[in-house]
Amino acid sequence: MCLGIPGEIVEILADPDLALVDVSGVRRAINIGLIEEPLTAGDWILIHVGFALSKIDETEARSALDFLEGIGQAYADELAAFADSRIVEHDVFIPRPADLAAPASAAE
């Protein structure tokens, strides 16, 4: 099952097509290049496979998060996949939690 997951933009990164986004406590670089309207920290977006598909309001985001948490395992699986993902391009590296725990020489 593929889900669109709401996330809150924490920071617009130096590459204008990337933003640091928080999804239930997990932060990742997300490509925001498909959204034409300006985005800023605090905006909510709908994310699918590392791309922001649309800007949504906080009420819609909270409602979607409540629903996803209610369906249980599918949401947990999606969050686990999100937590293990990362974008490494344009000299931007956002580490996974496992990368932070490993010695610097072991990180990719």
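A quick note: this is a predicted structure, and the numbers were derived from the prediction, not measured.
Annotation: side chain of Arg28 is not in contact with side chain of Val23 (no heavy-atom distance under 4.5 Å). In this structure the side chain of Asn31 reaches within 4.5 angstrom of the side chain of Leu18, judged on heavy atoms.
Minimum interatomic distance between Gly50 and Ile30 (heavy atoms only, all atoms of both residues): O-CG2, 3.5 Å. Of all heavy-atom pairs spanning Ala61 and Pro6, the tightest one is O-CG, 3.7 Å. The two residues Leu13 and Ala29 make their nearest non-hydrogen contact at CD1-CB, 4.1 Å. Nearest heavy atoms, Ala19 versus Ile12: CB-CD1, 4.0 Å.
Screening Ile35, Ile56, Leu53 for a side chain to side chain contact (heavy atoms under 4.5 Å, CB included) involving Ile45 leaves a single residue, Ile35.
Atom CD of residue Glu11 and atom CG of residue Asp22 lie 12.5 Å apart, to the nearest 0.5 angstrom. To the nearest 0.5 Å, the span separating NZ on Lys55 from CD1 on Ile32 amounts to 11.0 Å. Remark: Arg27 CZ to Ile9 CD1 distance equals 12.5 Å, nearest 0.5 Å.
Using modelled atom types, no side-chain atom of Asp66 and backbone atom of Ser63 make a donor-acceptor pair closer than 3.5 Å.
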